[in-house]
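Before any comments, here is the structure.
When a residue number appears, it is its place in the shown sequence, counting from 1.
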Amino acid sequence: MQSSLLLSPLPIPTSFSHNPKTPIRRRRRTVPPAAVAAPPPLRHQSVTHSMPPEKTEIFRSLESWAAQSVLPLLKPVDRCWQPTEFLPVSSQPYDQFSDEVRALRERTADLPDEYFVVLVGDMITEDALPTYQTMINTLDGVRDETGASANPWAMWTRAWTAEENRHGDLLRTYLYLSGRVDMNMIERTVQYLISSGMDPGTENNPYLGFVYTSFQERATFVSHGNTARLAKDGGDPVLARICGTIASDEKRHENAYVKIVEKLLEVDPSGAMTAVADMMRKKITMPAHLMYDGQDPSLFEHFAAVAQRLGVYTADDYADILEYLIGRWRLEKMEGLTGEGRRAQEFVCGLAPRIRKLQERADERARKMEPRGVKFSWLFNKEVMV
């Protein structure tokens with residue numbers, strides 16, 4: 001999940017109810033930081049348990065469906081990759097292990113500092129996994145009531161967490177062996193982030209929670225896929241395979257959450273439609289938006305600006321994901337909605353073009369501004385342009 005670096009889009013009008021000579025090919029034009037909408041402070045009012053109690057029965061009635069349609073999207077442990085498969089083998093003779101570490105460092109030597117800013121941000125976001133499991137376990141009707149419940153919803157959450165846990169482990173070890181980053185500052189950032197928690201506005205409501213995770217898993221699939229592409233272009237095929245493998249996991253997890261929302265749209269069209277609109281009105285708050293290293297209070301904003309510059313995750317991606325989900329869930333074609341459901345449908349289906357127009361205006365303003373350097377503690381306080 002979270003995955004990932006992830007930017008929030010520009011505000012939506014409320015009336016709508018180390019080696020610079022080695023270039024990295026950019027997917028989109030370079031955009032100065034003013035064009036990037038780093039997540040604003042949470043503006044939504046904190047609400048808890050917003051789902052009417054009677055709707056809990058919907059999730060109870062879907063337990064057998066979840067067992068048959070969602071749990072199969074998990075992989076048995078013996079068929080899952082493990083981080084050690086991508087890393088130097090520490091149990092082999094010292095000289096061989098040293099040679100493999102040396103080869104890893106040679107592969108990463110020409111990747112620019114800006115790439116490591118993004119990769120570290122990805123790793124930190126993945127490493128805050130305890131927060132994400134906690135968030136899902138606040139959702140009424142689907143939480144793990146005992147910590148080892150045999151309920152299909154609880155089984156999914158635990159196994160999803162177990163699969164996701166490998167992502168941060170692998171990226172962290174690879175970064176550690178590369179010697180390119182300050183692991184102490186990275187570890188502090190992880191501790192700050194987990195301590196801060198998150199409130200994405202899901203209100204203990206599984207309708208909202210599953211809309212949120214659908215969007216987030218799609219976003220992490222996009223961002224990890226782009227870090228894979230850039231690693232390959234930068235001369236590290238192993239790191240490219242690592243990021244691509246993580247992206248593949250995120251895609252499979254996305255399919256599960258999207259399938260859940262799809263089912264909710266089938267059994268409760270208006271309720272699910274209004275949930276989609278609710279989350280999009282709030283804007284999808286990114287999991288790592290409270291990222292802090294003890295030094296830079298704008299760390300996430302600076303990290304997000306670098307991600308935008310590299311084309312790893314951009315405001316255009318946010319709109320692309322929204323359009324993808326609208327198409328996947330066939331929201332434009334839904335019929336039989338209540339008045340509230342129809343208003344939600346109109347809002348959601350007209351939102352992506354508005355986001356793109358707002359971003360175009362921000363791009364134009366940003367072109368008039370000079371890029372500036374920001375020091376990142378993760379890179380021993382090296383300066384990176386944002």
Donor-acceptor contact present, side-chain [X] to main-chain [Y], <3.5 Å:
X: R180; Y: T108; result: yes
X: W329; Y: V258; result: yes
X: Q92; Y: V89; result: yes
X: R309; Y: V386; result: no
X: Q345; Y: M334; result: yes
X: Q133; Y: P130; result: no
X: D144; Y: S149; result: yes
X: R342; Y: L337; result: yes

Is there a side-chain contact between [X] and [Y] (heavy atoms, below 4.5 Å)?
X: F116; Y: L175; value: yes
X: E203; Y: T138; value: no
X: W81; Y: I246; value: yes
X: W65; Y: V70; value: yes
X: V118; Y: L230; value: no
X: F221; Y: I321; value: no
X: K282; Y: L208; value: yes

Salt-bridge criterion met for [X] and [Y] (N-O under 4.0 Å):
X: R372; Y: E370; result: no
X: K251; Y: E254; result: yes
X: E266; Y: K263; result: yes

CA sep, side-chain torsions, deciding dist, call: E383, D113, side chain to side chain contact (heavy atoms under 4.5 Å, CB included): CA-CA 9 Å; E383 193 171 88; D113 289 334; over 6 Å; no
Same apolar cluster (I L V M F W Y, side chains within < 4.5 Å links), L74/M155: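 The answer is yes; both residues are in one hydrophobic cluster.
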Does atom [atom1] of [X] have more than 12 heavy-atom neighbours from other groups under 6.0 Å away?
X: Y176; atom1: OH; value: no
X: E323; atom1: CD; value: yes
X: E57; atom1: CD; value: yes
X: Q96; atom1: CD; value: yes
X: R188; atom1: CZ; value: no
X: E340; atom1: CD; value: no

Enter the distance from [X]:[atom1] to [Y]:[atom2] here, rounded to the nearest 0.5 Å.
X: M198; Y: Y132; atom1: CE; atom2: OH; result: 6.5 Å
X: M185; Y: L379; atom1: CE; atom2: CG; result: 11.5 Å
X: I242; Y: H167; atom1: CD1; atom2: NE2; result: 12.0 Å
X: C243; Y: R229; atom1: SG; atom2: CZ; result: 11.5 Å

Residue pair [X] / [Y], side-chain donor-acceptor N/O under 3.5 Å:
X: D293; Y: S377; value: yes
X: Y174; Y: D236; value: yes
X: D317; Y: T314; value: yes

Less than 6.0 Å separating the ring centroids of F215 and Y318? yes
Between Y313 and F303 (judged by ring centroids, cut-off 6.0 Å), do the two rings come close enough to count as a pair?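 No: the rings miss the under 6.0 Å criterion.
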If the plane angle is over 60° it's perpendicular, under 30° parallel, otherwise tilted; pick one for F376 and W378. tilted
Name the residue from N205, D140, D268 that meets the side-chain hydrogen bond (donor to acceptor under 3.5 Å, both in side chains) definition with K55.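 Among N205, D140, D268, the one meeting side-chain hydrogen bond (donor to acceptor under 3.5 Å, both in side chains) with K55 is D268.
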Test side-chain hydrogen bond (donor to acceptor under 3.5 Å, both in side chains) applied to H253 and Q216, R218, E163, the passing residue: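 Of Q216, R218, E163, side-chain hydrogen bond (donor to acceptor under 3.5 Å, both in side chains) with H253 is met by E163 alone.
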